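Got a structure for you, written out below as structure tokens; questions coming shortly.
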Amino acid sequence: MGADNSTASADATTGDDALLAVDEVVKAFGGLVAVDGASFDVERESITGLIGPNGAGKSTLFNCITGVHGPESGSVRLNGDEIQGLSPTEVARCGVGRTFQTPKTFRGMTVRENLAFAATNQTGERALGPLLQSGTVRSEEHEVQTRVDETLEFLELDHLADDYGSALSGGQRKLLELGRVLMMDPEIILLDEPVAGVNPSLTDDLLRRLEELNDHGRTILFIEHDMDIVMQHCDRVVVMHNGTTLASGAPDIVQNDERVVEAYLGGYA
Amino acid sequence: MGLDTFLQAVVSGLIEGSVIAVGAVGLTLSYGVTRFINFAYGEFLTYGAYLTVFLAGGLFGVSLPLPAAAVVATVVVGALGVAVSRTFFEPISDRGALPLLITSIGVSFILRNLLQGWVGVDARQLPIPLLRRQDYFGLFRLTHLELGVIAASVVTMLTIHLLLQRTMLGKRMRATSGNRSLAKTAGIDTTSVIRQTWFLSAAAGALAGVLYAVLFSPFRPGVGFEYLIVIFAATLLGGIGRPYGAMLGAFCIGLAMNFGSTYLSANYTRAYAFLILVGVLLLKPEGIRGGEF
Amino acid sequence: MSETESDIETLRRFDDAMFSARGVETGYGDLQVLYGVDIDIQDDEIVLVFGPNGAGKSTLMRALFKQLPLWNGTIEIGGEDCSNLESNQMVTHGVAYVPQTSNVFPNLTVAENLDIGGIHADDVGRRHEMFELFPRLAERQSQAAATLSGGERQMLAMARALMPDPDVLLIDEPSAGLAPQLIEQTFEHVDQIRQAGTAVLMVEQNVTAALDVTDRAYVLDMGENRFEADADTIRNAQRVRDLYLGQ
Amino acid sequence: MEVDRRAFLRRTGGAATVTAIAGCTGDGDGDDDGDGGGGDNTTTGGDDSSLTIGVLLPFSGNYGWVGANVLPVVNMVVDEINEQGGIDGRQVSVVQGDTEASPDAAVSATDRLVNVENVDGVIGPTSITMSAVIDTLIENEVPVITPTAGTTSLDDRGGDYVFRTVSSDSLGGRAIAKAARDQQYNSLEDYERMALMVGNKEVFQSFKEPVRSSLKEFGGTVTTALDIRTGKASYSSEVQQMMESDPEICVLIASVEDSVKITEAGYQASYEGNWFVTQDQTNQDFLSQSENQVTNDVLGLNAAAYQSAQSAGRLDEFFEAITDYAGWDKGAKIFATNTYDAMNVMGLAMKQVAASSGDLTGPNVADAISTVATPPEETVTAYTAGASAIESGSDVDYEGLVGPINFDENGDIVAPFSIKIAQDGEWTEAGRLPPEAL
Amino acid sequence: MALLTGWAAFVVGVATIACIYGLLTLGLNVHYGYTGLLNFGHVAFFAAGAYAAAILTMPPPSTVTNASYTVGFNLPMPWGFPVSLAAATLVGGALAALIGATSIRLGTHYLAIATFALAGVFSDVLVNEAWLTNGSFGMNSVPKPGQAALGPDRWQLAYLAFSLLSLLAVYLLVERVLDAPFGRLLKGVRESEDAAKMLGKNTTLVKLKSFVIGGMIAGFAGGVYAHYIGSVVTAQFVPQVTFTVWAAMLLGGAASNTGAVVGAVLVMTFEESTRFITTVYDWMQATLPDALSGLLPAIFGPLPNNPSFIPSMRFVIVGLLFVLVVRYRAEGLLGDPAEIEALGEEEGSE
């Protein structure tokens with residue numbers, strides 16, 4: 001796949017500073033090879049877009065990175081440490097936060113509870129915590145709630161704080177899921193189509209927030225179809241097609257790569 | 001305990017497996033298209049057995065010969081299955097599997113206790129003569145009735161096999177099981193297919209009840225519910241929703257129960273079925289997930 | 001996503017269309033996806049629906065086939081109002097549908113898949129016509145559909161839908177996940193289907209290849225009709241390219 | 001109005017059940033006509049003036065058959081009492097207390113009978129729930145006669161308030177061992193090697209130790225003692241195991257339905273030895289559910305169908321009466337005779353207290369229970385005769401269907417046992433075992 | 001004479017048992033209401049607790065008629081009582097841990113069947129291992145703490161008070177624990193295990209904890225039960241208990257602790273009140289005017305003539321309760337509809 005990667009101008013320079021390094025990952029379901037030797041890096045503090053036509057294997061690759069699927073082969077490294085083979089829980093604890101294409105909102109919990117759930121290292125999450133260390137639990141919970149308030153404000157969901165997850169629209173659920181990931185305070189945020197189904201005004205909001213987060217030093221990798229968005233907001237773009245990474249690099253370079261155009265439009269123009 | 005004992009355990013296992021198989025196939029058929037585990041299924045066994053006793057025993061003013069009584073009972077219980085589905089399950093069919101599952105527990109309470117309230121808790125049995133086991137090849141011993149049960153079970157399996165493979169109804173059922181929404185897309189009236197499956201499922205349950213009654217009389221109104229877990233075990237072992245797996249699972253469970261009884265302790269007969277079931281669930285928590293046929 | 005070019009902004013209405021949907025609105029739960037979409041299909045034409053992801057294309061197909069309830073709007077087939085049919089009844093009204101995924105019965109053999117498709121077929125011999133159209137399926141007829149390759153599945157899905165000899169076939173992304181050489185073949189099949197007398201409405205991302213066989217196309221965006229035009233017009237429209245590559 | 005009320009009471013067995021009503025509207029018309037006038041002289045008012053008998057037994061669940069067997073017999077005797085004008089001019093009514101064969105249900109059923117219904121006597125309970133309720137019954141001074149609880153755990157807890165008209169399993173077990181060992185009691189042979197198959201419910205387990213220890217005492221050998229799980233589908237493995245120990249006779253202590261399955265399995269497996277069953281199976285139920293070729297020569301233990309009872313035809317009379325009354329399809333159901341005796345003793349004891357102008361309090365009735373059944377007074381065999389005897393001033397000694405019903409200090413009956421042998425679907429007496437022989 | 005007479009005595013008894021069922025329902029509610037675990041073997045934890053209490057406090061076998069059990073620790077009563085209850089709680093929790101360790105990873109339906117089956121296995125053990133449990137005889141001399149000192153009636157009242165306090169204490173404890181982030185953790189796992197995993201939560205461990213807590217509560221209920229009835233027999237611990245508790249929880253409202261208690265009280269009240277159907281019938285028959293006296297027999301006459309008719313109809317109604325609550329009021333009386341909406345659904349079933 002070296003040939004593929006060579007087209008991506010930035011690759012050579014990112015190797016050292018890669019926060020997430022995906023190398024030759026293969027995942028098959030029965031006879032169907034969904035991811036077929038995908039390799040790319042995500043630079044620290046970058047916004048990277050993962051694009052490609054339907055069925056290219058983008059979501060499957062996300063699942064491989066986050067431990068949902070055990071890939072057949074290949075490696076996934078975070079900060080140089082192998083995270084392939086860890087369970088989703090462990091991957092998350094390593095600092096990888098992700099959202100789903102269809103948000104998995106806690107529908108029977110309020111927006112506030114959804115967010116508070118995601119805070120890490122809560123003493124109150126131990127069964128005996130509330131009984132034996134009620135002081136600690138209270139003060140931690142106070143802190144968590146403060147962060148929840150901040151997150152709500154940041155996502156402009158404050159007016160929905162006490163609504164149930166089931167009452168939210170699709171776009172609001174996407175936001176909420178992003179909020180949950182933020183509460184986790186991960187090193188890298190993986191977003192699966194964060195704006196699909198979100199109405200346009202919210203979309204702009206959401207993207208603005210992603211950039212804001214990035215400005216504060218967060219690394220973001222997201223799957224997106226909307227080329228406009230990818231071009232405007234990404235530092236780097238990775239293109240997947242038929243389970244492999246076709247190209248990666250700066251948006252304008254990728255955009256004009258003939259093979260990308262062909263993959264994307266099936267030879268259009 | 002020599003070879004005799006071993007062979008006898010095998011034979012007993014196969015006989016009981018035959019009964020379980022009929023029950024398990026019925027359960028798995030309905031799971032295949034409805035996608036919930038029906039805790040009321042055991043009542044179909046009970047109703048099948050009781051109805052046969054009543055029909056053969058002249059309770060309704062007629063005394064049918066036993067085979068005829070069994071056939072009538074099977075058909076009537078099949079119809080009961082459709083009625084149960086329409087009354088209790090269809091109205092909430094869009095609510096996911098869990099409400100259906102919980103409802104089925106309620107339905108099993110209702111059916112079982114209605115029967116018990118109506119006919120009492122007296123033990124009943126089929127009017128069949130008692131037979132001594134015949135020696136076969138000097139290896140194992142069987143009664144004609146036991147042979148008959150095995151035969152009936154095999155015929156039932158074969159019938160269900162042919163039905164599923166050769167008839168349009170069977171194909172419709174399999175299609176509905178394989179992909180309900182696509183089945184509708186292909187123009188299948190899935191609602192009616194589901195009802196037909198309920199009929200078959202309940203009828204198979206009733207037949208299993210009759211076979212059970214033939215072998216294991218006398219019985220009381222709790223019989224089906226108590227045997228249900230054994231049928232569950234067979235169904236899950238074979239992969240829920242898969243009729244052929246259910247047949248195989250049934251024989252495994254039948255053998256396990258009888259080997260356990262013979263060589264370990266007869267007091268834990270039911271437990272062997274349970275433990276095998278749980279063991280399989282543990283080893284393959286995902287693998288046995290159903291299941292279309 | 002601003003104003004549209006004048007040559008393709010018209011949304012023509014075909015009053016004699018044999019399949020005609022007007023003002024289709026639907027969605028999932030509380031979430032509205034389509035906001036009044038119009039689609040017409042005339043005899044013997046191939047109509048393409050495309051647009052960016054999330055535009056509501058697949059949702060439109062499901063709505064047209066009554067897999068989703070219509071919140072608003074009507075569907076007429078041959079002048080008959082079919083807005084209130086169940087999806088299984090659409091088949092008897094001459095409409096067939098090939099979903100994008102899970103479009104074969106994996107547990108049934110190829111032949112049985114076709115039998116299921118033929119439930120409402122008058123002509124039992126039609127299975128052979130399908131085998132002529134898709135010789136590959138004839139070779140595989142006693143295999144379970146689950147064992148087929150992606151391309152073969154797509155053929156089977158189409159063949160199954162064609163069994164009742166529908167007047168119009170709705171296909172959702174026939175080329176999704178197929179190898180490039182198969183994509184071309186797929187569109188050839190679509191063309192053959194039209195030649196055999198079945199109009200086709202397809203959703204496709206592989207726009208260029210699809211346009212080669214298409215007569216007319218609708219562009220959908222954000223759950224609304226954006227453009228409608230003949231294939232040639234679309235092919236040359238810079239706007240379409242922009243919509244995809246975002247310049 | 002009064003007539004209707006009485007007819008209703010009679011049909012339902014007093015304040016009994018809706019269920020009983022139903023049955024008798026169907027087949028009880030004949031009885032109704034006969035007694036319209038008979039009831040006119042009695043007034044039945046509120047609860048103050050009626051006596052209540054609680055039937056504390058399982059009516060639902062797997063043991064529901066116990067209640068089903070007992071209740072009609074109680075009702076029949078109560079009818080008889082009421083036809084005689086009740087006790088001290090007070091009608092007797094019957095209240096069901098469903099124990100569901102579960103202790104917690106038994107506790108609330110007992111609380112209800114004792115405290116809400118203020119029952120004057122209790123028929124029941126079974127062995128399973130005895131422990132949970134016996135204290136409450138004794139504390140509230142309720143006279144209890146149980147026709148069903150042979151459990152050895154009651155051996156040292158009876159007396160005063162709790163009596164039983166079923167012999168203690170410890171005595172029964174001893175009798176089985178003795179009868180099996182000695183040909184003079186069983187008419188077949190002196191069995192030496194004996195296997196035990198015991199259901200794993202208290203009612204059966206209660207026999208196990210007595211049989212085992214007595215057999216050793218009488219010089220026999222226990223080849224194997226198998227606990228068997230009740231309610232199983234098939235017992236072929238267990239029977240196989242039993243046969244491997246090669247016994248001459250197998251003592252089978254299990255429910256009728258399990259016994260049917262087990263003896264059948266033995267037959268099918270060509271078991272050569274014999275069976276010995278307990279009171280629970282020595283009845284028509286067992287024989288009519290089995291084929292004759294299976295049950296022929298099976299030995300059964302029974303409380304001696306008290307010779308006089310049998311020779312005087314009282315047993316047959318009773319079976320006929322109860323078959324007719326309850327609409328049963330067969331006469332002798334388990335516990336039917338025990339219940340008949342229990343209820344007659346209860347009725348006579350109350351009558352006795354009333355006649356001696358005592359208050360019908362628990363202690364008085366309980367005292368009377370042992371006296372009305374103890375010789376050497378005038379022997380009576382049914383309530384009606386006993387009641388007139390008492391009214392005419394004599395003391396009575398009730399002699400029952402299961403035995404002479406003489407209670408010892410623990411409230412147990414000491415009765416001769418009868419060893420039955422099954423022949424062609426009938427039980428016939430093979431020998432008789434007097435208590436002294438034990 | 002007696003302090004408790006008439007209705008009061010009956011009500012005291014029923015109320016005590018209702019408290020015990022209230023405890024059981026609270027335990028099940030942790031499993032199902034909060035965590036979405038389909039536990040169909042609840043009765044096993046109840047039994048484990050009851051037997052633990054019995055084994056600890058039974059007199060030595062040598063002093064009991066026909067004892068088959070070989071261990072009876074005969075803990076002396078005043079201080080033995082709390083020890084016994086603590087042991088019951090622990091044993092209930094331990095059994096839950098054991099069953100949970102094997103089955104908790106299973107999806108909802110499979111968990112339902114596995115728990116149902118394992119409870120069956122456990123009941124077989126109780127029946128067959130007579131050396132420990134005294135087999136089907138049961139443990140019939142479990143001491144009733146304080147009864148000797150207080151006398152039966154006072155003791156009844158005192159034990160009711162104790163049961164009520166226990167219920168209240170467990171209720172408050174459960175509320176406290178579940179109101180904290182731990183409850184939020186359970187609910188999140190209930191709503192979407194996948195999402196919880198992605199947020200770094202060890203969902204298997206969480207489910208196991210939930211299972212153990214519910215098991216401990218049921219075990220505690222078993223201890224309270226054993227010392228109340230004084231007799232622990234296998235016939236008590238049948239699947240029907242599990243389903244009665246389910247009925248109580250569904251009726252009261254899953255995921256509502258108040259609902260659990262209310263549900264238990266209602267179901268017990270209903271079950272016990274059916275004991276009086278015949279009394280009501282008599283009363284009606286006696287008070288109806290002459291002209292109508294044939295009415296009731298005419299209505300009820302065609303009903304079957306067997307004594308188990310009414311008791312059976314009781315469970316028909318319990319069954320109907322399941323059906324109707326699920327269909328028309330899934331959130332029960334006090335549950336929150338928004339919370340129940342997705343309860344217990346398999347992941348990715350949409």
Side-chain angles (χ1 to χ4, degrees), chain D residues 1 4-5 8 12 15-26 59-61 63-64 67-68 71-72 95-98 100-104 107-109 111-112 114-118 128-129 131-132 135-136 139-140 151-153 155-156 199-206 209 227 229 327, chain E residues 2 4-10 12-14 17 20 64-66 68 124 127-128 130 135-138 140-141 152 225 228-233 235-236 238 240 271-272 275-279 281-282 285-286 290 293-294 296-297 300-312 314-315:
Chain D
M1 165 82 190
D4 284 336
R5 166 71 179 159
F8 170 74
T12 59
T17 62
V18 178
T19 59
I21 310 163
C24 297
T25 45
F59 287 96
S60 58
Y63 289 89
L71 187 65
V95 188
Q96 264 176 272
D98 182 9
E100 300 168 25
S102 132
D104 71 359
V107 165
S108 53
D111 279 346
R112 176 200 164 209
V114 169
N115 293 308
V116 180
E117 301 292 347
N118 293 309
I128 307 167
T129 51
S131 299
D135 290 343
T136 309
E139 280 153 17
N140 286 283
T151 176
T152 51
S153 65
D155 282 2
D156 52 1
N200 62 358
K201 292 276 194 281
E202 171 172 10
V203 281
F204 310 125
Q205 290 284 320
S206 186
E209 272 318 304
D227 286 351
R229 193 193 156 79
Chain E
L4 283 172
T5 51
W7 281 96
F10 178 69
V12 165
V14 171
I17 291 180
I20 292 166
V64 172
T65 324
N66 284 303
S68 317
D124 283 1
V127 173
N128 290 318
S136 49
F137 262 98
N140 292 317
S141 313
Y225 168 87
Y228 174 61
I229 304 276
S231 162
V232 176
V233 299
Q236 169 72 49
V238 291
Q240 199 156 291
E271 288 212 347
E272 292 304 332
R275 291 187 187 282
F276 296 93
I277 287 179
T278 52
T279 316
Y281 181 94
D282 270 6
Q285 183 70 11
D290 276 6
S293 62
L296 291 183
F300 295 105
L303 293 178
N305 174 32
N306 71 67
S308 57
F309 180 72
I310 288 178
S312 301
R314 193 143 58 113
F315 292 107

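The chains referred to below are lettered A, B, ... by the order of the sequence lines, with proteins before strands, and numbering in each begins at 1. All values derive from a computational prediction rather than experimental measurement.
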Task: Portion of E:Ile17 that has a non-hydrogen atom of chain D nearer than 4.5 angstrom - done: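 When you check distances to chain D, only side chain atoms of E:Ile17 fall under 4.5 Å.
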
Task: Minimal non-hydrogen separation, E:Glu271 against E:Arg314, with atom names - done: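 Nearest pair, atom of E:Glu271 first, then E:Arg314: O-NH1, 2.9 Å.
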
Task: Region of D:Gln205 in contact with chain E, defined by heavy-atom distances below 4.5 Å - done: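 Both parts, backbone and side chain.
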
Task: Side chain proximity check, D:Arg112 to D:Val95, heavy atoms < 4.5 angstrom - done: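 Yes, close enough: below the 4.5 Å cut-off.
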
Task: Closest-packed option against chain E by number of heavy-atom pairs under 4.5 Å, given D:Ala132, D:Ser131, D:Pro103 - done: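 The option with the most such pairs is D:Pro103.
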
Task: Residue among E:Phe276, E:Phe315, E:Tyr228, E:Tyr225 with most heavy-atom pairs under 4.5 Å to chain D - done: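 Top count of heavy-atom pairs under 4.5 Å with chain D: E:Phe276.
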
- [ ] Would you mind checking which part of E:Asn128 comes under 4.5 Å of any heavy atom in chain D, side chain (CB onward), backbone (N, CA, C, O), both or neither?
- [x]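 Interface part for E:Asn128: side chain.
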
Open item on the list: Out of E:Ile20, E:Val14, E:Val127, return the one with the most heavy atom pairs under 4.5 angstrom to chain D.
Closed with: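 Among E:Ile20, E:Val14, E:Val127, the one with the most close pairs to chain D is E:Val127.
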
Open item on the list: Can you give me the closest heavy-atom contact between D:Gly97 and D:Ala109, atom names plus distance?
Closed with: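 Reported closest heavy-atom pair: C-CB, 4.1 Å.
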
Open item on the list: Show the nearest heavy-atom pair for residues E:Asn140 and E:Ser231, with the distance to one decimal.
Closed with: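 Closest heavy-atom pair between E:Asn140 and E:Ser231: OD1-OG, 2.9 Å.
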
Open item on the list: For a quick test of reading the model, state the closest non-hydrogen atom pair linking D:Asp104 to E:Ile229 and the distance between them.
Closed with: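 Closest approach of D:Asp104 to E:Ile229: CA-CD1, 3.8 Å.
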
Open item on the list: Does any backbone or side-chain atom of D:Asp98 lie under 4.5 Å from a heavy atom of chain E? Answer side chain, backbone, both or neither.
Closed with: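 When you check distances to chain E, atoms from both the backbone and side chain of D:Asp98 fall under 4.5 Å.
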
TODO: Under 4.5 Å heavy-atom distance to chain D, tell me which part of E:Gln236 shows up: side chain, backbone, both or neither.
DONE: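 Both backbone and side chain of E:Gln236 come within 4.5 Å of chain D.
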
Task: Under 4.5 Å from any heavy atom of chain E - which part of D:Val116 - done: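 The answer is both parts of D:Val116.
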
Open item on the list: Test side chain to side chain contact (heavy atoms under 4.5 Å, CB included) on D:Asp111 and E:Val12; report intermediate values, then the result.
Closed with: CA-CA 9 Å; D:Asp111 279 346; E:Val12 165; over 6 Å; no

Task: D:Ala101 portion near chain E, given a 4.5 angstrom heavy-atom threshold - done: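 Backbone of D:Ala101 only, per the 4.5 Å heavy-atom cut-off to chain E.
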
Task: Region of D:Asp227 in contact with chain E, defined by heavy-atom distances below 4.5 Å - done: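 Neither the backbone nor the side chain of D:Asp227 comes within 4.5 Å of chain E.
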
